[in-house]
Number of protein chains: 4
Amino acid sequence: MLIRRVCREGGTVKKKANKRQPSQDRRERILDVARALFEEKGYQGTTTAQIAAAAGVPEGTLFEDFRTKRDLVFAVLERDIEVYLDFLELQLRGIEGALNRIRKFIWSHLYTWRRRRFIARFLILEVRQDPGYYQSHAHDLMQRYNEDLMGLIKEGIEEGSIRADVNAEMVRNVIFGGIEQTALHWALKEDPFDVDTCTKELCGLVFRAIQA
Amino acid sequence: MLIRRVCREGGTVKKKANKRQPSQDRRERILDVARALFEEKGYQGTTTAQIAAAAGVPEGTLFEDFRTKRDLVFAVLERDIEVYLDFLELQLRGIEGALNRIRKFIWSHLYTWRRRRFIARFLILEVRQDPGYYQSHAHDLMQRYNEDLMGLIKEGIEEGSIRADVNAEMVRNVIFGGIEQTALHWALKEDPFDVDTCTKELCGLVFRAIQA
Amino acid sequence: MLIRRVCREGGTVKKKANKRQPSQDRRERILDVARALFEEKGYQGTTTAQIAAAAGVPEGTLFEDFRTKRDLVFAVLERDIEVYLDFLELQLRGIEGALNRIRKFIWSHLYTWRRRRFIARFLILEVRQDPGYYQSHAHDLMQRYNEDLMGLIKEGIEEGSIRADVNAEMVRNVIFGGIEQTALHWALKEDPFDVDTCTKELCGLVFRAIQA
Amino acid sequence: MLIRRVCREGGTVKKKANKRQPSQDRRERILDVARALFEEKGYQGTTTAQIAAAAGVPEGTLFEDFRTKRDLVFAVLERDIEVYLDFLELQLRGIEGALNRIRKFIWSHLYTWRRRRFIARFLILEVRQDPGYYQSHAHDLMQRYNEDLMGLIKEGIEEGSIRADVNAEMVRNVIFGGIEQTALHWALKEDPFDVDTCTKELCGLVFRAIQA
DNA sequence: CATGAATGAGTATTCATTCAT
DNA sequence: TATGAATGAATACTCATTCAT
C-alpha cells in the first residue's frame with residue numbers, strides 16, 4: 001500500500017518560504033482568536049480552519065498546541081476563568097464581613113462577565129452540554145468558585161450576619177441566577193448593563209432577604 | 001397581563017383548521033417523537049432520519065409539515081409553551097393578591113419544567129444561540145410570559161403589597177434566575193427537585209426581599 | 001448548537017437539475033469503475049471521490065450503496081469471485097478423473113485471472129493485509145475454492161491416479177503457487193501469458209510429480 | 001550465477017566507508033527499528049515519527065539518512081536481501097550437482113523467510129504495488145536472485161540431471177510459488193512451518209517432475 | 001551536521017433538504 | 001399530496017517532509 005505516497009511524491013511540493021513563529025505568542029494568539037470566533041458563532045459554528053486562518057497559522061499547528069478542537073475551547077475557558085479567579089481573590093482581600101464579601105463577589109462576577117462575554121456565553125450555553133466539561137480543569141475551577149460562594153454564605157450564618165433559617169443552596173441559586181439573567185440579557189441582546197447599579201440592586205434584594 | 005390567553009380560549013386550538021385530519025395527527029406525532037429524541041440526544045445529535053423513522057413517516061414528509069429542522073424544534077417548543085401558558089392561566093385564575101399570584105407563577109413554572117425537561121433544556125441551553133429563535137413564535141410567547149411576571153410585580157407595587165423601591169427588572173431576574181438555577185441542576189445532573197419545597201424556599205427568600 | 005445549520009440555511013442551495021439514476025445499473029457501474037481504479041492504483045491509492053466521479057454519481061451515493069469504502073472493495077471481489085466459481089463449476093461438469101479435473105481447474109483459474117487482473121492483484125496483494133477480509137464473504141468463497149482443490153487431490157489419491165505418498169497441502173501450494181507466479185508476472189509487468197500453454201506446462205510438471 | 005557475491009567478499013561490507021562511525025551505527029539502528037515496526041504494523045501503519053522515536057533519533061535525522069519513507073523501506077529490504085544473498089552464497093559453496101544445489105537453494109530461502117518474516121511480507125505483499133520498487137536496488141537483487149535459480153535449472157539441464165524438455169520458467173514459478181504459498185500461510189496466520197520438512201516435501205514433488 | 005517545530009495537503013463519511021415520480 | 005432515493009457541501013485531524021536555527 002505505498003501508492004498514495006507515491007502519487008504525492010510525484011511532484012515536488014514547494015510552498016512560500018515560511019517564517020518561524022514564536023511559539024508562546026502563537027498559543028496566546030490562537031486562544032484569543034478562538035475566543036473571538038467562538039463568541040461570535042458558537043462552538044459548532046466555528047471551524048478549525050477558520051480559527052487557524054484568523055490566527056494566521058496553518059491548520060496543522062492548531063493540533064500541535066491543542067490535541068483536539070474541544071481541548072481548545074476548554075483551554076480558552078480555563079485561561080479566562082483563572083484570570084478571573086486571581087482577580088476575584090485580589091478583590092476580596094481585606095474585606096471584612098460576609099455580606100460585604102458577598103457584595104464584592106457579586107460585583108466581581110458581573111464586572112468580569114461584562115468584559116468577557118465569552119465566559120458567560122460558554123459557561124451558560126455551550127460547555128454544559130459537553131460531558132467532557134465535567135472532567136475538565138475548567139469545571140474544577142468553576143466548582144471551586146461555586147463552593148467559595150457557599151462558603152461565604154455559611155460564614156455569614158456563623159458570624160450572625162445572615163439569618164440561620166435560609167437555605168444556602170437556594171441563596172446561591174438566587175445569586176447566580178440573578179447574575180446570569182442579568183448577564184444573559186446582555187450577552188444575547190447586546191443590551192449592556194451597569195455593573196455598579198446591578199450590583200447594588202441585586203444586593204439590595206438579596207441582602208434584604210437573607211440579612212439577620 | 002394574561003388576557004390574550006382568554007381570547008384564544010373560545011375555539012379549540014386549531015391553527016390550520018382546514019387541513020385534513022390525518023395530517024394533523026401526523027404533525028402531532030412528529031412533534032412528540034421529535035421532543036423525545038431532542039430531549040435524549042440534543043438538537044445536533046438527532047437526525048431528521050431518526051425523527052422520521054420514529055414517527056413512522058417518510059423523511060420527505062417531515063419537510064412538508066416543517067420547512068426545516070430548525071422550524072421543527074421551534075414548533076415543538078411553541079406547542080409546549082402554549083400548553084404551559086394555558087396551564088398557567090388556569091392556575092392563576094381566582095387567586096387574589098400579587099404575591100399569591102407570583103407564588104403560583106413560580107410554582108407553575110417549576111412544576112412544568114419538572115415535567116417537561118425538554119423546555120428547560122432547550123430554552124436554557126440550545127435555542128438561545130440561534131438568532132432565528134428571536135424571530136420565532138416561541139420567543140414571542142416567552143417574551144409575553146416574561147412580561148406577565150413583570151406585570152404581576154408592578155401590580156404588587158400598585159396594590160402596595162410590594163415595596164415601591166424595588167427594581168422590577170432585577171426582581172424578575174432573581175426569580176427567573178433562581179428558577180433556572182434550580183431547574184438546571186436537575187436538567188443536567190438528573191438531580192430531581194421537589195416543586196413544593198423549592199417554591200416555598202424561593203418565595204421565602206424573594207418575598208422577604210420585596211414585601212412592603 | 002444550532003449555528004452551523006443556520007449558516008448553511010442562509011443562502012438557498014440551488015444545483016443543476018439532477019436526473020434520476022436507475023439504481024441497479026448504478027450499483028453495477030460503481031463496482032465496475034471501482035474495480036478499474038483499484039486495479040490501476042490500489043486500494044489506498046484510490047479515493048472515494050475518484051470512484052464517485054468516475055461512476056458519474058455524487059459522492060454521497062457511494063455510501064448509500066456501500067456502507068464504507070472497504071465494503072466496496074469486498075463487494076467488487078465477491079462479485080468477481082462468484083462469477084468465477086459459477087464458471088468453474090460449469091467447466092468441471094462432465095469431466096472424469098481427478099487429474100483431468102485438476103487440469104481443468106488450473107486452466108479455469110488461469111483463464112479467469114487472465115481476464116480479471118483485479119482478482120489476482122487484490123487477492124494476492126491487497127486484501128490479505130486487511131483483517132476484515134478474513135470475516136468477509138469473499139474470504140469464505142476463497143476458502144471453499146481452496147477446499148475444492150484439496151478435495152480433487154484427495155479424490156485422485158483415493159481413485160489411485162495420484163500417488164498416495166504426496167503431501168496434499170504441498171501439492172496445493174505448488175499448484176496455487178505456480179499459478180500465482182505465472183499470473184503475477186503478468187499482473188505486474190503486463191507480460192501476458194498464454195492460458196493454454198501455461199496450463200499444459202504447469203500440468204506437465206505437476207502431474208509428473210504426483211501421478212501414481 | 002552467484003559470482004558477484006564473491007567479488008564483494010574481499011572487503012568488509014561498508015558502503016560509505018568515509019562516513020564517521022556514529023552515523024553508521026545510527027543508520028543501522030534506524031533500519032532495525034524500522035523493520036520491527038513495519039513487520040508489526042505494515043508500511044502505512046507505521047509513521048516516521050514512531051520510527052524516529054523508537055530509534056532514539058530526531059525525526060529530521062531520518063530524512064538525512066533516507067530521502068523518503070519509501071527509501072527507508074527499500075533500504076531495509078536491501079540490507080536483508082543482501083545478508084540473505086551472502087548467506088545463500090555461502091550455503092551453496094562446495095555443493096555439487098544442480099539438484100543438490102537447488103535443494104539447498106530452496107532450503108535457504110525457506111530458512112531465511114522463516115527467520116525474517118519481514119522480507120516475506122514486504123516482498124510478497126507490499127512493495128510489489130510500488131512502481132518505485134522496480135527501479136530499486138532491492139528489486140535488482142531479487143532479479144539477480146531469480147536469475148540465479150534459472151541458472152541452476154539450466155545448469156541441471158546441461159549436466160543432464162534435469163530433463164531437457166522442462167520449461168525452465170515454469171519450474172521456477174513452481175518452486176517460488178510453492179515457497180511463497182508455504183511462507184504466506186505462515187506470514188499471515190502465524191502458523192509456523194518446519195523448514196526441513198517443507199524443503200523435503202517441496203523437493204520431493206519438484207524433483208520427481210524435473211529429474212531426467 | 002543536527003534538530004524538531006512548523007507545515008498544509010489530503011480524505012472518508014454524514015445528513016438536511018430536494019424533487020422526479 | 002406523498003414519497004424516499006438522490007444529493008453534495010461540509011469538516012476534524014494526520015503525518016511525511018522541510019528548513020531556520
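Naming convention: chains lettered A, B, ... in sequence-line order (proteins, then strands); numbering from 1 in each chain.
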When the distance from CZ of R27(A) to P of dA6(E) is rounded to whole Å, what number comes out?
13 Å
Test applied, side-chain contact (heavy atoms from CB on, under 4.5 Å); reference residue, I81(B); option that passes from D140(B), V76(B), L141(B):
L141(B)
Mutual orientation of the aromatic rings belonging to Y133(A) and F74(A) [parallel < 30°, tilted 30-60°, perpendicular > 60°]:
tilted
In this structure, OG1 of T61(B) is separated from CZ of R27(B) (nearest 0.5 Å) by 13.5 Å
T48(D) side chain near dA16(F) phosphate (N/O to OP1/OP2, under 4.0 Å)
yes
Go nucleotide by nucleotide along DNA chain E from the 5' end; which of V57(D) and Q50(C) gets its closest nucleotide reached first?
V57(D)
Please determine whether a side-chain nitrogen or oxygen atom of T61(C) lies at a distance below 4.0 Å from atom OP1 or OP2 of dA6(F).
no
Tell me the closest heavy-atom pair linking F63(D) and T68(D), and the distance in Å.
CE2-CA, 4.2 Å
Classify the side chain of E64(D) versus the base of dC1(E) as yes if they form a donor-acceptor pair under 3.5 Å and no if they do not.
no
Distance in angstrom units between L62(B) CG and dC15(E) P, rounded:
15 Å
Which atom of I51(C) lies closest to which atom of V33(C), heavy atoms considered:
O-CG2, 3.7 Å
Expressed in angstrom and rounded to an integer, what is the separation of Q44(B) atom CD from dT14(E) atom P?
15 Å
Of the listed nucleotides (dT17(F), dA12(F), dT1(F)), which one gets closest to any side-chain atom of T68(D)?
dT17(F)
I need the CD-C1' distance between E59(B) and dC19(E), as an integer number of Å.
14 Å
In whole angstroms, how far is the C1' atom of dA12(E) from the CG atom of L37(C)?
16 Å
Aromatic ring pairing Y134(A)/H139(A), orientation class (parallel under 30°, perpendicular over 60°, tilted between):
perpendicular
Please tell me if the side chains of T48(A) and F66(A) come closer than 4.5 Å, counting only heavy atoms from C-beta onward.
no
May I ask you to evaluate whether R70(C) reaches the phosphate of dA12(E), defined as a side-chain N or O under 4.0 Å from OP1 or OP2?
no
Distance below 4.0 Å between R67(B) side-chain N/O and dA16(E) OP1 or OP2:
no
Given atom CD1 of I51(B) and atom P of dA16(E), what is their separation to the nearest angstrom?
8 Å
Run the salt bridge (Lys or Arg N to Asp or Glu O under 4.0 Å) test on D32(A) and R29(A) for me, step by step, so that the C-alpha distance in whole Å, both residues' side-chain angles and the decisive distance to 0.1 Å come before the verdict.
CA-CA 5 Å; D32(A) 285 340; R29(A) 191 151 27 97; over 6 Å; no
Atom CZ of F63(B) and atom C1' of dA16(E): how far apart are they, to the nearest Å?
5 Å
What is the distance, rounded to the nearest whole Å, between atom CZ of R26(C) and atom C1' of dA6(F)?
7 Å
DNA chain F nearest-nucleotide lookup for G60(D) and T47(A): closer to the 5′ end is T47(A)
Secondary structure of DNA chain F in dot-bracket form (Watson-Crick or G-U wobble, distances below 3.5 Å, | marking inter-strand pairs)
.||||||||||||||||||||
Want to settle it: does A49(C) or A49(B) sit nearer the 5' end of DNA chain E, counting the closest nucleotide to each?
A49(C)
Among the nucleotides dA16(E), dA12(E), dA16(F), which one has an atom lying closest to any side-chain atom of K69(D)?
dA16(F)
